[in-house]
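Worksheet: one structure, shown below.
Note that the coordinates shown come from a computational prediction; the quantities given were computed from them, not determined experimentally. Here is how names work: the chains are called A, B, and so on, in the same order as the sequence lines, proteins then strands, and each is numbered from 1.
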Amino acid sequence: MTSVLYDTPGPKAKRRNVLYTVVFLAVLAAVGWWVLSVMAEKDQLTADKWSPFVTDSAVWTTFLLPGLGETLKAAALALVIALPLGALLGIGRLSDHTWIRVPVGAVVEFFRAIPVLLMMVFAHAAFVQFTTLDSEVRPLYAVVTGLVLYNASVIAEIVRAGILSLPYGQTDAAKAIGMRKGQIMAYVLLPQAVTAMLPALVSQLVVIVKDTALGGAILGLNELLFQIRPITANYGANTIAAFTVVALIYIVVNFALTSLASWLESKLRRRKKSTGATVDVTDIDTGMGAGVATEVAGPEPGK
Amino acid sequence: MFDFLDNPQYDLLGAFWVTVKLTLYSALGSLIWGTLLAGMRVSPVPLMRAFGTAYVNVVRNTPLTIVIVGCSLVLNQTLGFALGGENFEDIGFRMAVLGLVAYTSTFVAEALRSGINTVPVGQAEAARALGLTFSQVLRLIVLPQAFRSVIAPLANVLIALTKNTTVAAAIGVAEAASLMKTMIENEADALFAVFGVFALGFIVLTLPTGLILGWVAKRVAVKR
């Protein structure tokens, strides 16, 4: 698509592009050189600050891998609980009964509108006050609760958009052969909606993994980000090295999930049997989307 | 039940004002940097395209908490950048804005890029036939139309940004979420009331944004 903005370069444009490349490279190199020189000045480049991550397996087995484990555990728990809850809420929002549809809608909109951090802090305080949970597991419970409340409402919207993306003829046909409402949902609509939702659900997993880092920064959950402190304390103030490694682990995990989502999406699009419609998660995740939340991305024309 | 609101120790409006300021400065910064990134991603220079793609993919997959804590811990405390801030409060605020801009601009860039896709090929072809250069095509023909079609997605980014400013609490910026944390610790018996007040505050901030920008989006959209 980008090529519509410019012609295939001729000799003059080619020369100009080379010039731009050189200038841009020079700017990048200058910024990089400046950062490195400041780092060297502050003694962050010496080998002993970086080598532990390669030579000393203890830094992985004691800090990084347990931290990653805790991150993935919190994310997995949140997903496993939020998924059925979100499906229920999403179906509830489509109910024919006003007394179900309206309260469920209010709940979903409320939890989508407020920052997930507020819910984590609230859940933490509520666990302190109303339960006898051990203070060691309390951060994990609080983080998972916050993530579930937020993501169940986001998943509810994904489910709703997925069901609404199906052609109405599906419901009509099911009614014509005498299925009841519950049967239509369970046997006709949901199975088809799941395929349309799949990429959006995987993308939502990225959001969940990223949000677990809040638990470490605010509530003291022993997740990956939280490990930077003990690492720098044990390996001689190697803040930048520790940060780089931790950030890289997050990027690798999330990039794998993002790639899986877009692979699923392109696979679904190519498949002739489904409608090819997929739910666009970016509009839903933000909340309070003034009606745009229900938009569904259809198959791109010409693909 | 709501006695805590009268306690002069808690500057509720002040905290929400910091949240609003964080949102506005970061929104402005992300709009500029995001537009530049989108421009790079569609530019004829392969190196710029590669840089734009790499930046967007890397930063989007990094937790915002890492970006903001990194700005504070790495840039400020380890390398000594202060962005002209004088005291702890100033520096924290500026680092939070820097982190939010770095993160949010990737979403702005992606929204804009999808907006560029909605502009019909013929428009760019006609512009090129008139002899306009790449930057003229982008500046005069494509981006103005792209912006009008992505107001709704950008409104979503703005709402997400408003909610994301709470992450600044992780580096001690005195915005709404950090005040809520303090209040909850001190007023344990009014837990639900405190949570309700802050939830309401965020709804008051985000609901009008969505409604107003949704209305604007419908008005300015290019009818095709």
Given a strict heavy-atom distance threshold of 4.5 Å, which part of [X] is in contact with chain A: side chain, backbone, both, or neither?
| X | result |
| --- | --- |
| B:L191 | both |
| B:V58 | both |
| B:A155 | neither |
| B:M183 | neither |

Has B:K181 got a side-chain atom pairing as donor or acceptor with A:L118's backbone, closer than 3.5 angstrom?
no
[atom2] on [Y] to [atom1] on [X], rounded to 0.5 Å:
| X | Y | atom1 | atom2 | value |
| --- | --- | --- | --- | --- |
| B:F198 | A:I114 | CZ | CD1 | 12.0 Å |
| A:L117 | B:S178 | CG | OG | 9.5 Å |
| A:F255 | B:R60 | CZ | CZ | 10.5 Å |

Under a 4.5 Å heavy-atom cutoff, which of [options] has the most pairs with chain B?
| options | value |
| --- | --- |
| A:P9, A:A13, A:A125, A:A217 | A:A125 |
| A:V35, A:L225, A:L214, A:V128 | A:L214 |
| A:I251, A:V121, A:T212 | A:I251 |

Please examine the side chains of A:L28 and B:F51, heavy atoms only from C-beta on, and report whether any two atoms are closer than 4.5 Å.
yes
Under a 4.5 Å cut-off applied to non-hydrogen side-chain atoms, are A:Y20 and B:L47 in contact?
no
What part of [X] gets closer than 4.5 Å to chain B, counting heavy atoms only: side chain, backbone, both or neither?
| X | answer |
| --- | --- |
| A:K210 | both |
| A:T258 | side chain |
| A:V206 | side chain |

For residues 64-82 of chain B, tabulate all N or O donor-acceptor pairs below 3.5 Å that involve a side-chain atom, not counting sequence neighbours.
residue: B:N76; atom: ND2; partner: B:F81; partner atom: O; Å: 2.7
residue: B:T78; atom: OG1; partner: B:L73; partner atom: O; Å: 2.7

Would the number of heavy atoms belonging to other residues, nucleotides or ligands and lying under 6.0 Å from NZ of B:K21 be above 12?
yes
If you count the non-hydrogen atoms of other residues, nucleotides and ligands that lie under 6.0 Å from OH in A:Y235, is the total more than 12?
yes
Set out, in order, the CA-CA distance, both residues' side-chain angles and the distance that settles side chain to side chain contact (heavy atoms under 4.5 Å, CB included) for B:T133 and A:Y6, then state yes or no.
CA-CA 8 Å; B:T133 63; A:Y6 45 86; over 6 Å; no
Which atoms form the tightest heavy-atom contact between [X] and [Y], and what is the distance?
| X | Y | value |
| --- | --- | --- |
| B:M180 | A:F122 | CE-N, 4.0 Å |
| B:K163 | A:P115 | O-CB, 3.6 Å |
| B:T206 | A:A113 | OG1-O, 4.1 Å |

Report the relative orientation of the aromatic rings in A:F130 and B:F192; use parallel for angles under 30°, tilted for 30 to 60°, perpendicular for over 60°.
tilted
Could you tell me which residues in residues 164-172 of chain B have at least one non-hydrogen atom under 4.5 Å from a non-hydrogen atom of chain A, sorted by residue number?
B:T166, B:V167, B:A169, B:A170
